[in-house]
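Data first, discussion second: the structure below is written as structure tokens.
Naming: A, B, ... by sequence-line order, numbering from 1 per chain.
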Amino acid sequence: MPELPEVEVVRRGLEQWVVGRTIAGVSVYNPRSVRRHTAGGADFGDRLRGLTVTAVRRRGKYLWLPLDTGDAVLAHLGMSGQLLVQPPDRPDEKHLRVRIVFTGPGGAGGADRELRFVDQRTFGHLMVVPGGAELPAPIAHIAPDPFESAFDPDAFAAALRRRRTGLKRALLDQSLISGVGNIYADEALWLSRQHWARATETLTAAETAGVLDSVRTVMSAALREGGTSFDSLYVNVNGESGYFDRSLRVYGRRDEPCVRCGTPIRRDVFMNRSSFSCPTCQPVPEGARL
DNA sequence: CCGCGTACCTGATAGC
DNA sequence: TGCTATCAGGTACGCG
């Protein structure tokens, strides 16, 4: 379940392995994985052949590879996507969707590698965005993430006051703040002692600042640990699992004692997904949007 | 424009 | 044993 820290781990790995490499060929094994590339899988490959990757960028949970033409390959891992850098003779993964092969030997240590997009549930996707090197048009509506200098805390606070919705729903809205998913939303809410249904327009400036601070804190911690995973779905760029679940304070800990006060953690269903919280540290506020 | 519900997808697991 | 139901959840889209 890649959120910002996991995607950043992938970005760093790709930066090491694919920057400077020239694309020799592309194979698309499942058209659904390039469904947002409306011209289709053949066109996806045709547009990439011969181009050189110049960088690896990220905003929130989106990644993109700027190319020497000014175009870019845009990627989203969805629920279960992985971008693996593998030796070409490594057997194909069961859910291999797209393979990108580079010209000649190269990469770190001179070892040859190819880039594989592996995605069990196919919620992720790749697409070529003409002129997308700086900021791909399809993600222009995504807000900066809280680690970007472009992120504006005052604008975020103002947006929360304008909204008539619950705090967790707002944290998951990528047009307000990007990179936060279900897991780190719960962790940040617990750390800042806020309930997920808190009406956003009632938040004080100090409370909003506290929530933002908690978002950065839990994501920084996850990044230091190399990302979160509960199973083999999330694997970093070299195929190594990034386990971090033991550091989670509330997520997935239903009925376990809150590490702050001992009260059993509660699980609520919200937006058709699980929300974990401490009933004592995060009481249901007045005017809650349940 | 805004808030909110739902479709999309596969595999693991639980229950009968 | 084998079937069905449920759960996992990020994003786009459509409805009111």
Euclidean distance, atom CG of residue A:D119 to atom C1' of B:dC8 [Å, nearest integer]: 12 Å
OP1 or OP2 of C:dA8 under 4.0 Å from side-chain N/O of A:S274: yes
Atom pair distance, as rounded to whole Å: CG in A:N182 and C1' in C:dT11: 14 Å
What orientation do A:H125 and A:H76 show, parallel under 30°, tilted 30 to 60°, or perpendicular over 60°? parallel
Among B:dT6, B:dT10, C:dG10, the nucleotide that comes nearest once only the side chain of A:N272 is considered: B:dT6
When all nucleic acid strands are considered with a 4.0 Å heavy-atom cut-off, which category describes A:R36: base, sugar-phosphate, or nothing? sugar-phosphate
Given C:dA8, B:dC4, C:dT11, the nucleotide with the shortest approach to the side chain of A:Q174: C:dT11
Given B:dC8, B:dG3, B:dG11, which nucleotide is nearest the side-chain atoms of A:H95? B:dG11
May I ask you to verify if any side-chain N or O of A:H76 is less than 4.0 angstrom from the OP1 or OP2 atom of C:dT11? yes
At under 4.0 Å between heavy atoms, what does A:R254 touch on the DNA or RNA strands: base, sugar-phosphate, or nothing? nothing
Look at the side chain of A:F123 and decide which nucleotide, out of B:dC9, C:dT11, B:dC4, has an atom nearest to it. B:dC9
Tell me which nucleotide among B:dC2, C:dG10, B:dG5 gets nearest to the side chain of A:R273. C:dG10
Looking at A:K94, I'd like to know whether one of its side-chain N or O atoms comes within less than 4.0 Å of OP1 or OP2 on B:dG11. yes
If you define the side chain from C-beta out and look only at heavy atoms, does anything of A:R35 sit under 4.5 Å from A:M127? no
Which is true for A:H125 with a 4.0 Å heavy-atom rule: it touches a base, it touches only sugar-phosphate, or it touches nothing? nothing
Phosphate OP1/OP2 of B:dC8: any A:R32 side-chain N/O under 4.0 Å: no
Side-chain contact test, heavy atoms from C-beta onward, threshold under 4.5 Å: evaluate it for A:L83 versus A:L63 and give yes or no. yes
State which residue, out of A:K61, A:Q174, A:R58, A:R216, fulfils the side chain to side chain donor-acceptor pair (under 3.5 Å) condition with A:D145. A:R58
B:dT10, OP1 or OP2 - any side-chain N/O from A:S80 closer than 4.0 Å? no
Under 4.0 Å between a side-chain N/O of A:R169 and OP1 or OP2 of B:dC4, yes or no? yes
Residues A:K168 and A:D186 bridged, charged N to O under 4.0 Å: yes
Closest to side chain of A:R121, choosing from B:dG5, C:dA12, B:dC9: B:dC9
Side chain of A:Q120 only, heavy atoms from C-beta on: which candidate in B:dG5, B:dG3, B:dT10 is closest? B:dT10
Of the listed C:dA12, C:dG10, B:dT10, the closest approach to the A:Y62 side chain comes from C:dA12
Side chain of A:R97 (C-beta onward), nearest among C:dG10, B:dT10, B:dC9: B:dT10
